[in-house]
Q: 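Below is the structure I would like to discuss, written out as structure tokens.
We're numbering straight along the sequence, starting at 1. Just so it is clear, the values below take in all heavy atoms, side chains as well, and ignore hydrogens, waters and symmetry mates. Ligands are counted one by one from 1 in listed order, and the atoms in each one are counted from 1 as well.
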Amino acid sequence: MKFFVDSANVEKIKELNELGLVDGVTTNPSIIAKEGKPFKEVVQEICNIVKGPVSAEVTELDCDGMLSEARDIATWADNIVVKIPMTEEGLKAVSILSKENIKTNVTLIFSVAQGLLAAKVGATYISPFIGRLDDVGATGVELIERLKKVLTNYQFDTEIICASIRTNQHLELCAEAGGHIATIPDSLFGALSKHPLTDVGIKNFMKDWENYKALV
Ligand code: E4P
């Protein structure tokens, strides 16, 4: 499973990248806004740090607007992926962009039908949001299982980016379901390596080692 960082925080991306955990980055307008820097500047900075795909989202909502924004964003770096919202206008734009070999990530996917349509018009990636589905009482990970099955049934090349991951369990379930990629908030990475029994185990090993050293 590939790991993307769901963040535009350059320092945190650098740190995780140095650990060897980063295969790519996803951003959205809310994530970019948090950094308070010019959009293009922060995206280019990220693209210089990370070799893998970096998603940057359009903010125009009509097809023509999305196309001109997407064509511009695509020139910012070689590893750019243009993120397009899942709407009819978005699908039209993705269909055209895929013929121009511009990589796309169709975002805000909440159903199998939406994912299937996006794959059919040539999306490079689709981003189903599992945490937000959980927020409204659904079981987000079921969407990953179903989309994986459908994309496999028809041998689409489109990859699933499991998005809106909020917990360790979300990540584990997405991996079990065969999601190609997990995009993980930078704040969650720290928690992923932890387990209380690991801490207890280390403490006990160290105590026993000290006792042993006092004897020999
Ligand atoms: C990633 O592409 C999404 O923008 C992100 O995972 C959304 O996460 P959230 O639902 O926690 O805001």
Q: Do Ile165 and Asp6 come close enough that some side-chain heavy atom pair is under 4.5 Å?
A: no
Q: If we only count heavy atoms from C-beta on, is the Leu67 to Leu97 side-chain gap below 4.5 Å?
A: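 They are in side-chain contact.
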Q: Are there any N/O pairs under 3.5 Å between ligand 1 and the protein, and if so, what are their distances?
A:
from, atom 1, to, atom 2, distance (Å)
ligand 1, 2 (O), Lys83, NZ, 2.6
ligand 1, 4 (O), Asn28, ND2, 2.6
ligand 1, 4 (O), Lys83, NZ, 3.3
ligand 1, 6 (O), Asp6, OD2, 2.6
ligand 1, 6 (O), Ser164, N, 2.7
ligand 1, 10 (O), Arg132, NE, 2.6
ligand 1, 10 (O), Arg132, NH2, 3.4
ligand 1, 10 (O), Ser164, OG, 2.7
ligand 1, 10 (O), Arg166, NH2, 3.1
ligand 1, 11 (O), Arg166, NE, 3.0
ligand 1, 12 (O), Arg132, NH2, 2.8

Q: Side chains of Ser30 and Lys34: do they bring a donor and an acceptor to under 3.5 Å?
A: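 Distance-only check fails for Ser30 and Lys34.
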Q: What's in the same ILVMFWY side-chain cluster as Ile181, cut-off under 4.5 Å, chained through other members?
A: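 Traced through the cluster, Ile181 reaches Phe4, Val81, Tyr125, Ile161.
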Q: Cluster partners of Ile202, using ILVMFWY side-chain heavy atoms under 4.5 angstrom, listed by chain and number?
A: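 Noted: Ile202 shares its cluster with Phe205, Met206.
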Q: Could you tell me which residues satisfy salt bridge (Lys or Arg N to Asp or Glu O under 4.0 Å) with Glu69, sequence neighbours excluded, listed by chain and number?
A: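 In terms of salt bridge (Lys or Arg N to Asp or Glu O under 4.0 Å), with neighbours along the sequence ignored, Glu69 is linked to no residue.
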